[in-house]
Asks: 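For reference, the structure I am asking about is given below.
Chain letters run A, B, ... following the sequence lines, proteins first and then strands; every chain starts at 1.
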Amino acid sequence: MATYIVRRILGLIPTLFVITVIVFLMMHAMPGNAFQSLVFNPRLKNSGELYNRLVKENGLNQSLVVQYIDWMKNVLQGNLGNSFSLNLPVSQLIATYLPNTLILAVTAEVIILAISIPIGVFQANRVNGSFDMISSFISVFLYSIPGFVFALMLIFIFSFTLNWLPSSGTVTAGASWSGSFFDRLQHLILPALALALPSMAYYTRLTRGNTLQVIVADFVRTARAKGLRGRKVLFRHVLRNAIIPIITQFGFDLGGLFGGAVILEQIFTWPGMGELSISATINRDYPLILGTTLLFAVTVLLGNVIADILLAIADPRIRYN
Amino acid sequence: MTLSTQVIAKTNLSKSPAPPKSKSPLRLSIERFFRNPLAVAGLVILLAIIFVTVFPQIFTHYSPSTPDIMNTDSPPSAMHPLGTDSSGYDYLARDLYGGRVDLTVAFAAAFMTMFLGVIYGGISGFFGGWVDTLMMRFVDIMLNFPFISLILVLEAILNTSSQWMLVLVVGITSWPGAARLMRGVFLQMREQDYVVGAQTIGASKWRIIFRHMLPNSLSFLIVLVSFSVASYVGLDAALSFLGLGVPISVPSWGGILNSTTDYISLKTEPYAWMPPATLIVLTILSVNFIGDGLRDAFDPQSKA
């Protein structure tokens, strides 16, 4: 198992290499660069000279191949470079913004799994019963609402109409309780719900479908025949076998949730990776673009590896060689 | 004796009712689709939405691009059923005309991803071997590509300002999923008897792909397109909402949401943002119902 994990992680390197090369080429294909706005700044006297100096200092006048190799050398030494627009090390910027996104994504994932798996299992337990019908209809409905429309509705209902929860930021500014656990939790609920709800419907459907396939199996009948309680059969025998495709999907979606948070971060003015990567692209901040892309790619790829590892834990028949 | 049996056979034939007309699989699928109430409801809603966006003149005499400058920021009134925005544009007119962009982009992008997916996935699945390995490796990379940054970069490069650029951007970023699906379909089909049969009688590769395999993957394609349309309506609206879609002067549902959901308007003008939001949700919902109906109709076993 350990060798398998190591090999899978090593196998990510070529993929990461190709992704960074594509991003590198594409960002240089974008018109303009980070320092061009200086040229048109009327307050700067020798702006042309300054521009040329900055371009030279940051190596932008060299060929693309040399630039890429320089960047790669630095990355291998653990140095992601300095941001052009914010004048801070990229790693420091990521360290500031990443925790917010992580908290959001993890909370959303916990909500998704904690609610949709039991609902899906109960639906399948009494298939075509009233609970199944009603909750299936609701989940198709929820599945059809894009996350950002959800966010708007949640803000309108819970922040503006009911006045229960705050609609933006991570903490209440200027209040004595600012930054306390409860304060942060309050700010977290709406964005996490908006991120979780559309996927929740999808996971409920997935769980229901997989449980339906397992629930007719012989071993389930055996478990019931030997007198196990219904709930125990459902969660110990059926779920363990039905959960495998859900885990795989979950691994694939880990990175997706990360990316999906970008739009919601804008709506809830949540200072996370989405904001950082969008501003990096708009400012042509090459080191920051590469740094955030690398991070996004690593998250998605690690999600896939985690999915495979969890799969092996859930299904002992799977052995990797 | 032979004569008598012949007579009996003949009389039997004439007595038995006319044999039912045999139906093609496609015909059977269509009939199954129309027996599904949710799917039919979805179809009716979608057709209604398409109708009001194609012929908005019937429902409003305002143009989405000429402001009524005497009535800016007006709440719903007899004159403007959904009110006007701060420049005096009629919200109802913008909602109705706005659907054109959203629906065109969603349908065109869905066909584009289908087209790219069929070609890429088809080649990969049909040839198999190292071609398949290499091509799928690239799909994996594209699937792992950070989606929003790719769109941002593409829009900067293409300098997008029209709906067709948006179609191109959505198509370029969304084809890998379709390619992976079609590759699976083709891999499965390649081993089936009729393909092996066509190979043994010496049919060329292209003939097998286009005359035998493609028509048989039609049901997958239709379902793929319908679910893609559903997700692209949401994606297109999200991009316009972020200001990455069509220019704000061109009405689109996402664009209207973008300008009506700042902190104040979201609270005080629900009549401005709720209609486009409802239209987006209704469109996606109806297309999802249609997609579910099509999947069940083409593959009755999947319903179990």
Asks: So A:F84 and A:N283, do their side chains get closer than 4.5 Å, heavy atoms only?
Replies: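 The answer is no, as the side chains (C-beta and beyond) never meet within the 4.5 Å cut-off.
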Asks: Can you tell me which portion of B:A238 sits under 4.5 Å from chain A's heavy atoms? Options are side chain, backbone, both or neither.
Replies: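 Backbone plus side chain of B:A238, per the 4.5 Å heavy-atom cut-off to chain A.
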Asks: Go through the atoms of A:L16 and report whether side chain, backbone, both or neither lie under 4.5 Å from a heavy atom of chain B.
Replies: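 Neither part.
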Asks: Report which part of A:F148 has an atom under 4.5 Å of a heavy atom belonging to chain B: side chain, backbone, both, or neither.
Replies: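 The answer is the side chain of A:F148.
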Asks: Which residues pass the salt bridge (Lys or Arg N to Asp or Glu O under 4.0 Å) test with B:D292, not counting sequence neighbours?
Replies: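 With neighbours one apart ignored, the set is A:R205, B:R295.
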Asks: Measure up the B:F138 and B:Y120 rings against each other and bin them: parallel (under 30°), tilted (30 to 60°), perpendicular (over 60°).
Replies: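 Ring orientation of B:F138 relative to B:Y120: tilted.
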Asks: Can you label the angle between the A:Y286 ring and the A:H28 ring as parallel, tilted or perpendicular, going by 30° and 60°?
Replies: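 Rings of A:Y286 and A:H28: tilted, as their planes differ by 30° to 60°.
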Asks: As an exercise: rank B:I280, B:V287, B:L285, B:V281 by heavy-atom pairs under 4.5 Å with chain A and give me the winner.
Replies: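 Most heavy-atom pairs within the cutoff with chain A belong to B:L285.
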Asks: Looking at A:I22, A:V18, A:L152, A:I278, which has the largest count of heavy-atom pairs under 4.5 Å with chain B?
Replies: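 Maximum pair count with chain B is reached by A:L152.
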Asks: What part of A:V140 lies closer than 4.5 angstrom to a heavy atom of chain B: side chain, backbone, both or neither?
Replies: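 Both the backbone and the side chain of A:V140 come within 4.5 Å of chain B.
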Asks: Can you check whether A:M273's main-chain N or O pairs, donor with acceptor, with A:T101's side chain at less than 3.5 Å?
Replies: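 Such a contact is found between A:T101 side chain and A:M273 backbone.
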Asks: Considering only heavy atoms, which portion of B:L282 lies under 4.5 Å from any heavy atom of chain A: side chain, backbone, both, or neither?
Replies: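 Looking at B:L282, nothing touches chain A.
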Asks: Pick from B:G234, B:A230, B:A237, B:P276: which one has the most heavy-atom pairs with chain A under 4.5 Å?
Replies: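 Of the candidates given, the most pairs with chain A belong to B:A237.
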Asks: State which residue, out of A:L193, A:I267, A:L142, fulfils the side chain to side chain contact (heavy atoms under 4.5 Å, CB included) condition with A:F150.
Replies: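 When side chain to side chain contact (heavy atoms under 4.5 Å, CB included) is applied between A:F150 and each of A:L193, A:I267, A:L142, only A:L142 qualifies.
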